[in-house]
Structure formats: C-alpha cells, structure tokens
Amino acid sequence: MASQDDIKALQEALDICGFAPGGHDGKMGPNTRSAIREFQKKAGIDVDGSVGPQTRQALSKHLSEVSVRAQHLAGFFSGGGRSLEDDL
C-alpha cells in the first residue's frame, strides 16, 4: 500500500501535468482516482485508476516533457524574451 507521502507526490505530479487531483492531502480519494484515469486515457494506456508500472512510466515521461517546457519558459520570463508589450 502506498504511503501518504507517496500519494502526495502522485497528486503533485498529476497537478503539474495538468490533471486535477484535488488537494495534495495524501489520500487516494475520488478526485485523485479520477485524475489518474484522465491521465491514463490521455496517455493511451490501460484505464484502471491505479498506478502500476505502466502508469508510473508514462507519468515519469510526461513530467520530463513538462519540465523541459517549463525550463524553456523560465528563460523567456527571466529576461531572455521580449515583453508582451512589444507584440502590441
């Protein structure tokens, strides 16, 4: 059985990836299960609402992709990009 910390980490990962698990309370409630199923559907893997090896691997890959995109945007907002007013 997953620990409360494991479930909190899962909830945070789902949230970062754009799937709303509700609060990061460490409880495997209906919102977290729904977010897992939504993620699984979007990832094209078996939709069962549980986090087995296939879901963990897909979530890890998606987190890596989100991280790369976030790093790119961080550079833009820290002075590497033009201001939005330049485009107006």
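Numbering of residues begins at 1 and proceeds along the displayed sequence. Values in this document were obtained by computation on a predicted structure and should not be read as measured data.
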First locate atom [atom1] of [X], then atom [atom2] of [Y], and finally report the distance between them rounded to the nearest 0.5 Å.
X: Cys17; Y: Leu63; atom1: SG; atom2: CG; answer: 4.0 Å
X: Phe19; Y: Leu10; atom1: CZ; atom2: CG; answer: 12.0 Å
X: Glu12; Y: Ile7; atom1: CD; atom2: CD1; answer: 14.5 Å
X: Ser60; Y: Glu65; atom1: OG; atom2: CD; answer: 10.0 Å

Test item: [X] and [Y] side chains (from C-beta on) under 4.5 Å apart, heavy atoms:
X: Asn31; Y: Pro21; answer: no
X: Thr32; Y: Lys27; answer: no
X: Ile36; Y: Ser50; answer: no

Would a distance-only check, ignoring hydrogens and angles, find a side-chain to backbone donor-acceptor pair under 3.5 Å from Gln11 to Asp25?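 Between the backbone of Asp25 and the side chain of Gln11 there is a qualifying donor-acceptor contact (under 3.5 Å).
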
Looking at Gln40 and Gly49, would you say the former's side chain and the latter's main chain have a donor-acceptor pair under 3.5 Å?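 Answer holds: yes.
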
[X] versus [Y], closest heavy-atom pair with distance:
X: His24; Y: Lys8; result: O-CG, 3.8 Å
X: Asp48; Y: Arg37; result: C-CG, 4.5 Å
X: Val51; Y: Arg56; result: O-NH1, 3.1 Å

Please name all residues satisfying side-chain hydrogen bond (donor to acceptor under 3.5 Å, both in side chains) with Asp6, sequence neighbours left out, ordered by chain then number.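 Expected list: Ser3.
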
Enclosure of Gln54 CD (heavy-atom neighbours >12, cutoff 6.0 Å):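 Yes, CD of Gln54 has more than 12 neighbouring heavy atoms, counting only those of other groups under 6.0 Å.
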
So Asp46 and Thr55, side-chain contact (heavy atoms from CB on, under 4.5 Å) or not? Walk me through it. CA-CA 8 Å; Asp46 293 340; Thr55 301; over 6 Å; no

